[in-house]
Trainee: 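Here's a structure for you.
In what follows, residues are counted from 1 in the order of the sequence shown.
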Amino acid sequence: MKTFYINGKIITMEDASMFAEAVCVERGRILSVGKQEELLALKEAGDEIIDLHGRTMLPAFIDAHSHFVGAANAMTQCDLSACKDFEEIVQAMKTFKAKRKLSDDAWIIGSNYDQNFLAEGRHPDKDVLDKISAENPVLIVHASSHMAVTNSRGLEIQKIDENTEDCAGGKYGRVAGTNIPNGYMEEKAFLAFQSNLPMQSVETLLSCMEEAQKMYASYGITTVQDGMVGKPLFQLLQYAASIGKLYLDIVGYADIMTEENIFEEAPEYANQYKNHFKLGGFKVFLDGSPQGKTAWMTKPYEGEKEYCGYPIHGDEELKKYICVALDKKQQLLAHCNGDAAAEQYVSVFEQTLKERKEKDIYRAVMVHAQLVRKDQLERMAVMGMIPSFFVAHTYYWGDIHLKNFGEERGSQISPVKDAVELNMKYTFHQDTPVVPPDMLRTISSAVNRVSKTGQSIGKNQCVSVLEALKAVTSYAAYQYTEENEKGTIAEGKYADFVILDKNPLETEKEQLADIRVLMTIKENKVIYKSGEIENE
């Protein structure tokens, strides 16, 4: 049976032919694209016609970087994003404990607090969190996912005290004038703490993964990333795939520090989907968060004499990881926010290539690329390295970047226009669960570059709507080496579509974030319908 999509504004994202009148689909793939009259001549008894009623159809959006299982896990946590001060955090967490009927030995976990937007203007500490519970261990995770705070019970359980030293690439907060931990931790110190937390039950996680897929689909997304997969996460994703729980395509990137041999151990997932899950390459962290002031910069933060953030790895260690990825012919994703981290990734990659005969970098990606400089982008373009911009920072934290870096540097975060002018392929992401995977908010951020308070964040880096759309469709497919399967509406590709209530190319740029996803289609199966469609 064939399906015909007609009577809509179909944007193919194909450079040669950007628009079409109709699309014909068979067995989950696109059979033909072209004029409505010609395609309908192929119609046979039993075929289906989908009338778009003038709405806009695009290739489905592709998530270029997020943490799928983290987004699922966040659904079991207390959302603190609306809290305006410490007292609201305390009350929200108490209410959360009562509502979920947590026992007095269970962890109470909250997420998405941001000290930048709290009345106190600083991180809470263990004394604040002790007000939530003296019996329960409590943890609240920063909106960036790079730092967190625990209470006295949490410190006790994890045996963190005045004798615990900071680790390379991570720090603990201390009570003023002492070495006593105050509950705050960042980067590797937090990651070590997090790795020792009790896991949710498999049943709970599978249920949350179902909800997470619904969430991504509601934003028009059919391909999702899990951007840091260790052994437990791989086993969970493998199990979910094996029992048919995945209907979005999930691309996992293995932690190169611990899972160097995963491609040999699980060859059936190596760069190929099995039940909607595949391993796409490796991931490495090189620095922290710009809004949390742990991103590694070449010059000090605004108002600081010397502090520039700090690196996670030395050059030789990074070179070792790059060689692992290249030797295994795998893509490497590197988390780089500050320009010093960007410089380390680019320069060590350049040095490594000079020593090798093979120059293929397997579409290596710089994830976030918040403060990457144009001179660094120029060198990336020569190598073929892809910048994946978290451009929605201009909306969510634009004001904070101006404060942390000053106008000259802060206004140039996520320099997408520079990448456009260098003819680079670039992508956009939301780093979910850091922010929701709202592609239209991201497109708006790239086009308008206006913060939540209305502040302009580098107008010289604004791009066109079409340039923004490429970042979440055709270029994102290229990043995954799936350009022959996804990213545009073309013959032979998967029938992965998103249907919108308005045409982004014809919408006032200030209204882009208000465009609604009406339907998401994966391989010709409807996986999301808005209430508006349901009620028709």
Side-chain angles (χ1 to χ4, degrees), residues 67 69-70 73-81 83 85-100 102-118 120-200 228 230 232 285 288-289 291-294 312 433-434:
H67 300 271
V69 176
N73 200 42
M75 294 183 173
T76 66
Q77 301 170 358
C78 179
D79 184 7
L80 303 174
S81 59
C83 294
D85 55 32
F86 291 171
E87 182 57 30
E88 288 192 5
I89 288 176
V90 170
Q91 292 307 315
M93 294 285 278
K94 284 184 173 181
T95 300
F96 180 78
K97 177 188 176 182
K99 189 173 182 180
R100 293 185 63 88
L102 298 178
S103 64
D104 285 340
D105 61 352
W107 281 86
I108 311 173
I109 300 178
S111 58
N112 293 324
Y113 88 89
D114 193 332
Q115 89 286 0
N116 292 299
F117 303 119
L118 296 176
E120 293 83 357
R122 63 179 178 87
H123 295 277
D125 56 25
K126 64 182 180 181
D127 294 333
V128 173
L129 301 196
D130 285 346
K131 295 177 183 177
I132 298 168
S133 177
E135 296 81 22
N136 291 86
V138 175
L139 177 72
I140 62 171
V141 181
H142 189 264
S144 68
S145 296
H146 282 258
M147 50 208 72
V149 185
T150 191
N151 67 344
S152 297
R153 182 65 180 135
L155 291 170
E156 180 185 352
I157 288 173
Q158 297 233 15
K159 297 181 172 58
I160 299 169
D161 56 28
E162 61 269 26
N163 297 313
T164 304
E165 297 182 357
D166 291 343
C167 57
K171 295 180 181 179
Y172 295 100
R174 311 285 178 174
V175 175
T178 77
N179 206 43
I180 299 171
N182 68 3
Y184 172 80
M185 53 201 141
E186 63 188 34
E187 303 304 339
K188 277 194 172 179
F190 167 49
L191 290 176
F193 186 98
Q194 190 177 40
S195 68
N196 290 320
L197 293 175
M199 288 281 288
Q200 298 278 355
M228 192 62 165
F285 279 88
S289 158
Q291 69 269 36
K293 298 180 75 171
T294 56
I312 302 295
V434 173

Trainee: Where is the tightest heavy-atom contact between Gly292 and Met147, given as atom of each residue plus distance?
Mentor: CA-CE, 3.7 Å
Trainee: Nearest 0.5 Å, please: how far is OG1 in Thr76 from CZ in Phe96?
Mentor: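 Result: 6.5 Å between the selected atoms.
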Trainee: Just so I know, are the side chains of Val128 and Val149 near enough to count as touching, which here means a heavy-atom distance under 4.5 Å?
Mentor: no
Trainee: Between His123 and Tyr113, does the side chain to side chain contact (heavy atoms under 4.5 Å, CB included) criterion hold? Intermediate values first, please.
Mentor: CA-CA 9 Å; His123 295 277; Tyr113 88 89; 2.7 Å; yes
Trainee: Mind checking whether Lys131 and Glu87 have side chains closer than 4.5 Å, heavy atoms only?
Mentor: no
Trainee: Checking Asn151 side chain against Pro137 main chain: does a donor-acceptor pair fall under 3.5 Å?
Mentor: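 No, Asn151 side chain to Pro137 backbone: no donor-acceptor pair under 3.5 Å.
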Trainee: Examine the side chains of Glu187 and His146 and answer whether a donor and an acceptor come within less than 3.5 Å of each other.
Mentor: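 Distance-only check passes for Glu187 and His146.
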Trainee: Find out whether His142 and Glu186 are in side-chain contact, i.e. whether some heavy atom of one side chain is under 4.5 Å from a heavy atom of the other.
Mentor: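 Answer no - side chains too far apart.
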Trainee: Is it true that Lys97 and Asp104 make a salt bridge, defined as a side-chain N closer than 4.0 Å to a carboxylate O?
Mentor: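 A salt bridge is present here (some side-chain N lies under 4.0 Å from a carboxylate O).
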Trainee: Can you name the closest pair of heavy atoms from Leu102 and Trp107 and give their distance?
Mentor: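 For Leu102 and Trp107, the tightest heavy-atom pair comes out as CD1-O, 3.9 Å.
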Trainee: With heavy-atom distances below 4.5 Å as the criterion, would you say the side chains of Val90 and Lys94 are in contact?
Mentor: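 Answer yes - side chains close enough.
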Trainee: Can you tell me how far the CD1 atom of Ile160 sits from the CD atom of Glu165, to the nearest 0.5 Å?
Mentor: 13.5 Å
Trainee: Any donor-acceptor pair under 3.5 Å linking the side chain of Asn136 with the backbone of Ser103?
Mentor: yes
Trainee: Side chains of Asp85 and Glu120: closer than 4.5 Å at any heavy-atom pair?
Mentor: yes
Trainee: On a heavy-atom basis, which atom in Ile108 and which in Ser133 lie closest, and how many Å separate them?
Mentor: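 Taking every non-hydrogen atom into account, CD1-CB, 4.3 Å.
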Trainee: Testing the basics here: between Val175 and Pro181, what is the closest heavy-atom pair and its distance to 0.1 Å?
Mentor: CG2-O, 4.1 Å
Trainee: Side chains of Gln200 and Asn73: does their closest heavy-atom pair fall under 4.5 Å?
Mentor: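 Of all side-chain heavy-atom pairs linking Asn73 with Gln200, at least one is under 4.5 Å.
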Trainee: Evaluate Thr150 against Met185 for side chain to side chain contact (heavy atoms under 4.5 Å, CB included), listing each step before the verdict.
Mentor: CA-CA 8 Å; Thr150 191; Met185 53 201 141; 3.8 Å; yes
Trainee: What pair of heavy atoms forms the shortest contact from Ser289 to Ser144, and how long is it?
Mentor: OG-CB, 3.5 Å
Trainee: Is there a side-chain contact between Leu129 and Arg153 in this structure, where contact means two heavy atoms from C-beta onward sitting under 4.5 Å apart?
Mentor: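 The answer is no; the side chains never approach within 4.5 Å.
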Trainee: So how far is it from Lys126 NZ to Ile180 CD1, rounded to the nearest 0.5 Å?
Mentor: 6.0 Å
Trainee: Check whether any side-chain heavy atom of Leu80 sits under 4.5 Å from a side-chain heavy atom of Met93, and report yes or no.
Mentor: yes
Trainee: Nearest 0.5 angstrom please: Ile89 CD1 to Ile140 CD1, how far?
Mentor: 4.5 Å
Trainee: So does Asp127 get a backbone contact from the side chain of Asp125, meaning a donor-acceptor N/O pair under 3.5 Å?
Mentor: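 Confirmed, Asp125 side chain pairs with Asp127 backbone.
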Trainee: To check you understand the geometry: which heavy-atom pair defines the closest contact between Val434 and Ala143, and what is its length?
Mentor: CG1-O, 3.1 Å
Trainee: Kindly compute the distance separating CZ (Arg174) from CG (Asn179), expressed to the nearest 0.5 Å.
Mentor: 4.5 Å
Trainee: I need the Ser145 OG to Asn112 CG distance, nearest 0.5 Å.
Mentor: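 Rounded to the nearest 0.5 Å, the OG-CG separation comes out at 7.0 Å.
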